[in-house]
Number of protein chains: 2
Amino acid sequence: MDQKLESYFKAAVSVDNVVFGFDNSGLKVLLIYRGADPYRNCWALPGDLIALDTDLTSSAEKVLQDLTGLEKVYMEQIHTFGKVNRHPYGRVFTVAYFALIKTEDYHVHASSWAEEAAWFPISDIPDLPFDHNEILEYAKNMLKSKIRRQPIGFELLPKYFTLTELQNLYESILETQFDVRNFRKKILSLDYLTDTGMKQSSVTHRPAKLYKFNTKKYNNLVHSGFSVELNFPLFPTENLTV
Amino acid sequence: MDQKLESYFKAAVSVDNVVFGFDNSGLKVLLIYRGADPYRNCWALPGDLIALDTDLTSSAEKVLQDLTGLEKVYMEQIHTFGKVNRHPYGRVFTVAYFALIKTEDYHVHASSWAEEAAWFPISDIPDLPFDHNEILEYAKNMLKSKIRRQPIGFELLPKYFTLTELQNLYESILETQFDVRNFRKKILSLDYLTDTGMKQSSVTHRPAKLYKFNTKKYNNLVHSGFSVELNFPLFPTENLTV
DNA sequence: CGAATATATTGTAAAATTTACAATAATTAA
DNA sequence: TTAATTATTGTAAATTTTACAATATATTCG
């Protein structure tokens, strides 16, 4: 019985982070260049085995900070992957998290055994070790469905942003396009954006108004049971193909 | 380094299943009476440590079948819980799953080290060991948000059911009430129910029509991008309390 | 057989939301 | 001043949601 019990306690658990960022050229994912075995010398999700004296949630934050220098970012658990042979060193379960960061506010720098850290466009991801491509796919879908229900997109934008930038973000993630007028009407009707009164500068055309996400207003809305789901109007023929 | 690596491989992983059932008296959860340490002699979620030669998904199914006799049921991963001291025997991460079953179609029988298995009304759950109450809470919320987006409720009903039964199910899970006319209009407009032409028998009043869930129609709808979300009309004042 | 009882079933008008669609405004550069 | 570029805005039609109650169909009982 004790023997039996011991046999269960031979697994390791790791955390793999899917870190999304966004800039004008679209949605990005942060990868590190592995400087440690296994799969040394290839690009992978920033992830590592968990020390057994640390809570799971803290571990996710710690792993991210150790490898990329990022801290205090929005993180959420995605899914746990546990195929028998997913890791060459033994039985390793991995808990995947996603993180959203404002690329402008953070400087990413590889550390610990990560030799490099770099942003890859979501549409151009190399072959990754372990089951990391599967994890990434899962994360993309989760982001996609999540952003339709909660305003997490603001975690990816700078503090002040234009409605055009916001629309670009939604279009990138949802891989679709919205009518400009309807998008603005809808997002403004949700009533959690504040017009800062400021405008874009140093652009060579009509400057756009700068908005910010109003957390307080948003929380009030949620607290009073108001729906903050987007349910966006799509372009015609976009959603009904028979 | 090898020493270091070894220190990671001393965790265990368990699976805990939140099995939901439904009958006329409401939503139920399946608990087992533990006949093994730790927490022997108390009610708990059916869960167990995972053998390290079995995939995570298979383990979830196996654990459920071993303890309760249930197999081939609708299961989905919920979340992974990993506080350091959640298990008295060592570091145990647990992956929670939920399962939906048609209580009429299955006979639940405790086996392995489970001494009993019984259905508990969702509103009357005892104190559970480990973090099982937290897991259950998590599962309830997941079921709640999930059923608003996908017709998973049919997994809880018998093959043929009345619209009243369906409405009761939705009302139980969502803890709200719907207007009869609006509920029927909406659910029928979704176009994945088939009127079987049969009627209820042995009731002492007007018998209701029996419907069934039409998987093929549903898949066609989903495949053509049609929205199957419910977005139910609620009773007035139900969702805006300020 | 008729009445009482119990649940099932259905329609419609008003309000709100979504959808489709293009002209005008504000800035810089030439 | 004009050209170029992006930002901003309105409205009518269609669809969906909402609020609301009368009628239908079965069984049981007297």
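Order of the sequence lines fixes the chain letters, A, B, ..., with proteins taken first and strands second; residue numbering starts at 1 for each chain. Values below: all heavy atoms of this structure, side chains included; hydrogens, waters and symmetry mates excluded.
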I want to check one thing: is the phosphate of D/dT17, taken as OP1 and OP2, less than 4.0 Å away from some side-chain N or O of B/K186?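 Looking at the OP1 and OP2 atoms of D/dT17, one of them is under 4.0 Å from a side-chain N or O of B/K186.
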Interface with DNA chain C, restricted to residues 196-206 of chain A and to heavy atoms under 4.0 Å:
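By residue number: A/K199, A/V203, A/T204, A/H205, A/R206.
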For [Y], is there an ion pair with [X] - N to carboxylate O distance below 4.0 angstrom?
X      : Y      : answer
B/D23  : B/K28  : yes
A/E229 : B/R149 : yes
A/K144 : A/E175 : yes

With distance as the sole criterion, is a donor-acceptor pair present between the side chains of A/E171 and A/Q167 under 3.5 Å?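 The answer is yes; a qualifying pair exists.
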Using whole Å, what does the distance between atom P of nucleotide C/dA8 and atom CG of B/L210 come to?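 Interatomic distance, CG of B/L210 to P of C/dA8: 11 Å.
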Q.
Among D/dT9, C/dG11, C/dA8, which nucleotide has an atom closest to any side-chain atom of A/R184?
A.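 It is D/dT9.
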Checking contacts here: which listed nucleotide (C/dC21, D/dT8, C/dT9) is nearest the side-chain heavy atoms of A/A208?
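Nearest nucleotide to the side chain: D/dT8.
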field: Any donor-acceptor N/O pair under 3.5 Å between D/dT11 base and A/K185 side chain
entry: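 Counting by modelled atom types and ignoring angles, a donor-acceptor contact under 3.5 Å is found here.
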(message) Given B/F120, which partner from the list B/I125, B/L30, B/L128 fulfils the side-chain contact (heavy atoms from CB on, under 4.5 Å) test?
(response)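 The passing option is B/I125.
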Who are the salt bridge (charged side-chain N to carboxylate O under 4.0 Å, His left out) partners of B/K209, not counting sequence neighbours?
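Salt bridge (charged side-chain N to carboxylate O under 4.0 Å, His left out) list for B/K209, sorted by chain: B/D195.
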